[in-house]
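Everything quoted here is computed from the prediction, not taken from an experiment. FYI, side chains are in, hydrogens and waters are out, and symmetry mates aren't considered; it's all heavy atoms of this structure.
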Amino acid sequence: MFSLTELRDAAAFVLNFVAPTPTIHWPLLDRATGLSLYVKHENHTRLGAFKIRGGLTFCRYLGRLPDTARGIVSATRGNHGQSLAHAASRFGMAATIIVPHGNSVEKNAAMRAWGAEVIEHGDDFQAAAEFAHSYAASEGAVMVPPFHPELVRGVASYGLELFDDIKGLDRVYVPVGMGSGICSLIAVRDALGLDTEIVGVVACGADAVRQSFLAGKVINTPVADTFADGVACRSPDPRVIEIITKGAADIVAVSDDQIADAMRLYFSCCHTLAEGAGAVPLAAAIAERDRNIGKKVALVLTGANIDRADFARILSGDER
């Protein structure tokens with residue numbers, strides 16, 4: 001997908017705005033799980049999520065084009081939108097972000113704080129995305145997709161940090177929403193010539209990507225039912241399915257109960273905040289404990305952006 005030179009060029013650019021995030025081996029987490037786990041803390045970025053990286057490289061790319069005067073438009077459940085709002089503010093662009101009704105109040109507030117106009121439309125991400133396309137056309141703005149090579153190239157900077165920091169990883173678990181996180185990790189692994197297994201993780205109630213991976217073609221689902229909104233995908237991108245079919249060892253699904261348990265475990269063992277999508281790798285590593293015993297395993301904690309009231313309910317034992 002990318003040469004190592006292309007990936008390191010993007011990483012050098014991202015480094016101007018985003019400090020490297022730590023990868024931490026937590027003894028208490030190992031003790032609780034019986035595994036050897038290394039947590040890549042993308043929840044420590046200024047936006048609380050890995051997406052900040054891709055928005056920067058994408059807006060740099062757009063800044064070289066002649067048709068960005070009317071601004072950018074995109075759809076999101078939150079972290080992608082925050083990334084674009086932040087990057088647009090850096091590059092002097094107007095940003096309009098479409099979110100579904102009932103989206104995270106605090107994510108919406110964060111996008112507005114970075115200068116974006118936030119419009120609510122539809123009941124889920126797919127409905128918001130379809131409206132975003134028509135809205136961008138009517139406004140003469142640039143529609144930013146959830147998956148694009150320049151987004152992947154920027155996000156890949158976290159993969160370079162991970163593999164540069166921790167040598168000899170047997171397996172990495174990474175959440176899969178619209179695909180930039182896992183595809184960037186595959187790109188880095190391949191560019192470095194490593195044999196580390198990459199396992200994508202989805203929610204049982206939003207398993208379109210897993211179904212597509214198993215079928216070797218895009219499978220759409222009518223709904224994406226999970227509180228982990230960052231992995232609530234029901235219409236995968238064909239390019240993503242092609243990349244993960246070739247480059248991922250597996251795509252596994254975990255339940256909302258397992259995700260909530262992982263969120264609580266992160267808090268109690270590491271005193272760290274994980275949103276639902278950020279916790280799915282830990283949930284999957286525990287679910288596949290037998291295959292991970294004696295292995296060196298990394299978990300990509302992609303984000304910490306969950307509303308306070310929702311997190312309070314999860315900590316109290318009620319994931320819904």
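Using cut-offs of 30° and 60° on the angle between ring planes, the pair Phe131 and Tyr135 is tilted. Between Phe17 and Phe91, the ring-plane angle classifies as tilted under the 30° and 60° cut-offs.
Residues Leu29 and Leu282 are in side-chain contact: their nearest non-hydrogen atoms beyond the backbone lie under 4.5 Å apart. With a 4.5 Å cut-off on side-chain heavy atoms, Val297 and Asp170 do not count as touching. You'll find the side chain of Val144 reaches within 4.5 Å of the side chain of Leu62, heavy atoms only. No side-chain heavy atom of Thr96 sits less than 4.5 Å from a side-chain heavy atom of Ile72. Residues Leu35 and Ile293 have side chains in contact (heavy-atom distance under 4.5 Å, counting atoms from C-beta outward). A 4.5 Å side-chain heavy-atom check between Leu151 and Thr57 finds every atom pair outside the cut-off. Between Ser104 and Ile306 the shortest side-chain heavy-atom distance does not fall below 4.5 Å. The shortest side-chain heavy-atom distance between Asp310 and Phe227 does not fall under the 4.5 Å cut-off.
None of Asp250, Val199, Ile182 except one satisfies the side chain to side chain contact (heavy atoms under 4.5 Å, CB included) rule with Tyr173; the exception is Val199. The side chain to side chain contact (heavy atoms under 4.5 Å, CB included) test with Val188 singles out one residue from Leu194, Leu7, Val155, Thr196, and that residue is Leu7. Residue Arg234 is tested with Asp124, Thr221, Asp225 for a side chain to side chain donor-acceptor pair (under 3.5 Å); the sole match is Asp124.
With rounding to the nearest 0.5 Å, the separation of CD1 in Ile198 from CD1 in Ile251 is 10.0 Å. Atom CG in Leu265 sits 12.5 Å away from atom CD in Gln258 (nearest 0.5 Å). In this structure, the separation between NZ on Lys246 and CD1 on Ile241 is 13.0 Å, given to the nearest 0.5 Å. To the nearest 0.5 Å, the span separating NE2 on His86 from SG on Cys59 amounts to 10.0 Å. Atoms OH and NZ, from Tyr38 and Lys296 in turn, are 4.5 Å apart once rounded to the nearest 0.5 Å. Atom-to-atom distance recorded for Leu56:CG and Asn16:CG is 9.5 Å, nearest 0.5 angstrom.
The two residues Val209 and Gly177 have their closest heavy-atom pair at CG2-O, 4.0 Å. Closest of all the heavy-atom pairs between Ser36 and His25 is OG-NE2, 3.7 Å. When all heavy atoms are compared, the tightest approach of Ser3 to Glu6 is N-OE1, 2.8 Å. Considering every non-hydrogen atom in both Val240 and Gly179, the closest pair reads CG1-CA, 3.9 Å. Met111 and Gly78 make their closest contact through SD-O, 4.0 Å (heavy atoms, listed as atom of the first residue, atom of the second, distance). Taking both residues in full, the closest heavy atoms of Ala128 and Ile98 are given as O-CG2, 3.7 Å, listed atom of the first, atom of the second, then distance.
Side-chain contact check for Thr302 and Lys51: no donor-acceptor pair (N or O, by modelled atom type) lies under 3.5 Å. Judged purely by distance below 3.5 Å, without hydrogens or angles, the side chains of Gln126 and Asn220 never pair a donor atom with an acceptor atom. Remark: the Gln211 side chain and the Asp207 side chain contain an N/O donor-acceptor pair separated by less than 3.5 Å. Side-chain atoms of His101 and Asp123 include no donor-acceptor pair closer than 3.5 Å. Between the side chains of Thr272 and Asn43, a donor-acceptor pair is found at a separation under 3.5 Å. Residues Ser74 and His80 have side chains that bring a donor and an acceptor to within less than 3.5 angstrom of each other.
Under a hydrophobic-cluster definition in which Ile, Leu, Val, Met, Phe, Trp and Tyr are linked whenever side-chain heavy atoms come within less than 4.5 Å, directly or via other members, Leu301 and Leu162 are assigned to different clusters. Hydrophobic clustering (ILVMFWY, side-chain heavy atoms < 4.5 Å, transitive): Val105 and Phe125 are in distinct clusters. Hydrophobic clustering keeps Val176 apart from Val254 (ILVMFWY residues linked when any side-chain heavy atoms are closer than 4.5 Å, directly or through intermediates). Residues Val73 and Met93 fall into different hydrophobic clusters, defined by Ile, Leu, Val, Met, Phe, Trp and Tyr side chains chained together at heavy-atom separations under 4.5 Å. Cluster annotation: Phe267 and Ile314 are assigned to the same hydrophobic cluster (Ile/Leu/Val/Met/Phe/Trp/Tyr, side-chain heavy-atom contacts under 4.5 Å, transitive).
Contact check on Glu288 versus Lys295 returns no salt bridge, with no Lys/Arg side-chain nitrogen under 4.0 Å from an Asp/Glu carboxylate oxygen. Of the charged side-chain nitrogens involved, at least one lies within less than 4.0 Å of a carboxylate oxygen, so that Arg53 and Glu42 count as a salt-bridged pair. Remark: Lys217 does not engage Glu242 in a salt bridge, criterion side-chain N to carboxylate O under 4.0 Å.
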Q: Would you sort out whether Glu150 and Arg153 count as a salt bridge (charged side-chain N to carboxylate O under 4.0 Å, His left out), showing the intermediate values?
A: CA-CA 5 Å; Glu150 282 300 318; Arg153 198 155 72 101; 3.4 Å; yes
**Q.** Chi angles and distances behind the side-chain contact (heavy atoms from CB on, under 4.5 Å) call for Val99, Arg77
**A.** CA-CA 6 Å; Val99 302; Arg77 289 302 302 264; over 6 Å; no
**Q.** Criterion salt bridge (charged side-chain N to carboxylate O under 4.0 Å, His left out) on Glu275 and Lys107, from CA distance to verdict
**A.** CA-CA 12 Å; Glu275 62 185 275; Lys107 287 181 180 178; 3.3 Å; yes
Q: Please test Ile52 against Gln82 for side-chain contact (heavy atoms from CB on, under 4.5 Å), starting from the C-alpha separation and ending with a verdict.
A: CA-CA 7 Å; Ile52 186 174; Gln82 287 187 73; over 6 Å; no
Q | Derivation and outcome, ring pair (Phe, Tyr, Trp, His ring centres under 6.0 Å), residues Tyr266 and His271 | A | CA-CA 6 Å; Tyr266 264 137; His271 288 166; over 10 Å; no
Q: For side-chain contact (heavy atoms from CB on, under 4.5 Å), just list the numbers for Arg291 and Arg171, CA-CA rounded to whole Å, side-chain angles, deciding distance to a tenth of an Å, and then say yes or no.
A: CA-CA 10 Å; Arg291 71 180 295 205; Arg171 185 172 298 122; 3.5 Å; yes
Q.
Does Phe50 form a side-chain contact (heavy atoms from CB on, under 4.5 Å) with Ser180? I'd like the steps, not just the answer.
A. CA-CA 10 Å; Phe50 78 109; Ser180 64; 3.8 Å; yes
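At distances below 3.5 Å, not a single donor-acceptor pair connects side-chain atoms of Asp229 with backbone N or O atoms of Asn103. Side chain of Ser212 to backbone of Ile219: a donor-acceptor contact under 3.5 angstrom is found. In terms of modelled atom types and a separation under 3.5 Å, the side chain of Asp237 and the main chain of Arg239 share a donor-acceptor contact. In terms of modelled atom types and a separation under 3.5 Å, the side chain of Ser83 and the main chain of Asn79 share no donor-acceptor contact.
In the displayed structure, Asp195 atom CG is contacted under 6.0 Å by at most 12 heavy atoms of other residues, nucleotides or ligands.
Stacking of Lys40 on the aromatic ring of Tyr158 is not recorded, the 6.0 Å distance cut-off and the 45° axial limit not both being met. Under a cutoff of 6.0 Å and an axis angle of 45°, Arg60 and Phe13 form a cation-pi pair.
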